[in-house]
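The next block holds one structure in the form of structure tokens; read it before the comments.
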Amino acid sequence: MKQGCFDGPCQKDKETFMSAANHFVSQTSFSAAPAASSSRTALRPTQARTGISPRRSNTAAAEASLITRLKAGNQSALEEAFNLYSAKLYNIAQRILGEAADAEEVIQDVFWTVYRKAKSFQGNSQFSTWLYRLTVNTALGKIRRSKKNQEVEYDEFLPKFQKDGHHLIRPVIDWSDTLDEKYAAQEIHILLGKALDQLKPLDKSVIVLSDLEGLSDKEIAVTVGLTVSAVKTRLHRARLFLRGKLAVQLGYSAA
Amino acid sequence: MPKRTPAPKTPTGKTCKQMSALVLDYVTDRLSPRLTREFEQHLRICPDCVNFLNTYKKTVSVAGSISYSAIPAKVRNNVLVFLRKKMQRILACLVYLASQFTS
């Protein structure tokens, strides 16, 4: 923005600002209706598991309308986007960060960026993918700055093989039923959550988007800025690490 | 020390190590028919790989079952208050600038 235009008569800029100001004045009311009270916008867990973007065509049209209004700087559109996506994005941020307080900051930054940068959304990916990307990038940036990540070396928890390609430690034990017998579901989730926090941040992002949120490898690749092949490599390695952590927890070899 | 049995190989010569690299695509049905056949042939002769596959699938299923929690009301309100303040500040700036142009 050129500073000079504010100092003197500049008819074009004057009209632009008047138009923008009028638009903002018309949007001053910021509805406070919570998402939970709206059956249209509330996300059920089953919806959440399959992805945040509504699949039906009428909701796709509603999403297109929402994007148009966001690009025009419409304030109520931002709240609508917030009501639709904040819970999902908060969960992703929290899973990646492992801390609720930081996740709140991430969501705050993400929606403020959505408001400021909506015009830069080209529609080359789904709107939800763009939101995921903003969330993951903001969360990863926060981890980089805080250096609080507790990642560990993977090797100890990955399967190992002999020179001839056979499993190094035999027999390999099937502990899949033992896990349920020994721990309640809640305890298993806590165990897995702790193991997740030991993954490298980008690997954690990939596994959160894939196994917890149900995104396809292609969607994840767009979200985190990797090739599909690199996503699959990271996903496989992260899963092997988690498998190893669970095995060790049960007293078996990770190998 | 017990004598090690030789590593089972499928008729195509694939080892457990090579099979483990295919697990990700196998569990999502994205292996080619030829590799799927080889993978399953190997499973028929290698109980270690069967157990490995079961624990891999269990890990994925546990991760997928982590429950979806709602955004806490306090967090929701905090963020909404933040966004409202920011937008009102922008609005105030624009109104001010517009008034400067019109005056």
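Here is the naming used below: chain letters follow the sequence lines, and residue numbers restart at 1 for every chain.
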**Prompt:** With a 4.5 angstrom heavy-atom cut-off, which part of Phe111(A) approaches chain B: side chain, backbone, both or neither?
**Reply:** both
**Request:** Please state whether the side chain, the backbone, both or neither of Pro159(A) comes within less than 4.5 Å of a heavy atom of chain B.
**Result:** side chain
Separation of [Y] [atom2] from [X] [atom1] (nearest 0.5 Å):
X	Y	atom1	atom2	answer
His166(A)	Cys49(B)	NE2	SG	7.0 Å
Leu192(A)	Ile66(B)	CG	CD1	4.5 Å
Ile71(B)	Glu104(A)	CD1	CD	8.0 Å
Ile90(B)	Tyr115(A)	CD1	OH	6.0 Å
Thr59(B)	Leu240(A)	OG1	CG	8.5 Å
Leu53(B)	Ser176(A)	CG	OG	9.5 Å

**Prompt:** Considering all heavy atoms of both residues, which atom of Tyr90(A) and which atom of Pro72(B) are nearest to each other, and what is their separation?
**Reply:** CE2-CD, 3.5 Å
Is any side-chain heavy atom of [X] less than 4.5 Å from a side-chain heavy atom of [Y]?
X	Y	answer
Trp112(A)	Met87(B)	yes
Gln108(A)	Asn78(B)	no
Val23(B)	Arg243(A)	no

**Asked** Which residue pairs satisfy the salt bridge (charged side-chain N to carboxylate O under 4.0 Å, His left out) criterion with at least one member in residues 16-32 of chain B, sequence neighbours excluded?
**Response** Asp217(A)-Arg30(B), Lys232(A)-Asp25(B), Asp25(B)-Arg30(B)
**Message:** The test is side-chain contact (heavy atoms from CB on, under 4.5 Å); show your working for Arg239(A) and Val27(B) and say whether it passes.
**Reply:** CA-CA 12 Å; Arg239(A) 283 176 176 175; Val27(B) 296; 4.2 Å; yes
**Prompt:** Do His189(A) and Ser65(B) have side-chain atoms, one donor and one acceptor, less than 3.5 Å apart?
**Reply:** yes
**Arg76(B) versus Asn83(A), side-chain donor and acceptor atoms under 3.5 Å** = yes
**Asked** Hey, which of Ala73(B), Ser61(B), Cys93(B), Ser20(B) has the most heavy atom pairs under 4.5 Å with chain A?
**Response** Ser20(B)
**Request:** Could you check which of Thr28(B), Asn77(B), Val60(B), Val50(B) has the highest count of heavy-atom pairs closer than 4.5 Å to chain A?
**Result:** Val60(B)
**Asked** Quick one: do Asp177(A) and Lys58(B) make a salt bridge, cutoff under 4.0 Å?
**Response** no
**Message:** Under the criterion side-chain contact (heavy atoms from CB on, under 4.5 Å), I'd like the reasoning laid out for Val62(B) against Leu179(A): C-alpha separation, chi angles, the key distance, then a yes or no.
**Reply:** CA-CA 10 Å; Val62(B) 168; Leu179(A) 189 66; 4.0 Å; yes
**Item:** Plane angle bin for His236(A) and Tyr56(B) - parallel if under 30°, tilted between 30 and 60°, otherwise perpendicular
**Value:** tilted
**Prompt:** Using a cut-off of under 4.5 Å for heavy-atom pairs, which of Ile173(A), Leu235(A), Val172(A) has the most such pairs with chain B?
**Reply:** Val172(A)
**Crowding at NZ, Lys218(A) (>12 non-hydrogen neighbours, <6.0 Å)** = no
**Which portion of Ala21(B) sits near chain A, non-hydrogen atoms under 4.5 angstrom** = backbone
**Asked** Quick one: what part of Phe82(B) sits under 4.5 Å from any heavy atom of chain A, side chain, backbone, both or neither?
**Response** side chain
**Request:** Could you please spell out the steps behind the side-chain contact (heavy atoms from CB on, under 4.5 Å) verdict for Asp174(A) and Thr55(B)?
**Result:** CA-CA 6 Å; Asp174(A) 180 358; Thr55(B) 53; 4.0 Å; yes
**Prompt:** Which residues pass the side chain to side chain donor-acceptor pair (under 3.5 Å) test with Ser216(A), sequence neighbours left out?
**Reply:** Glu219(A)
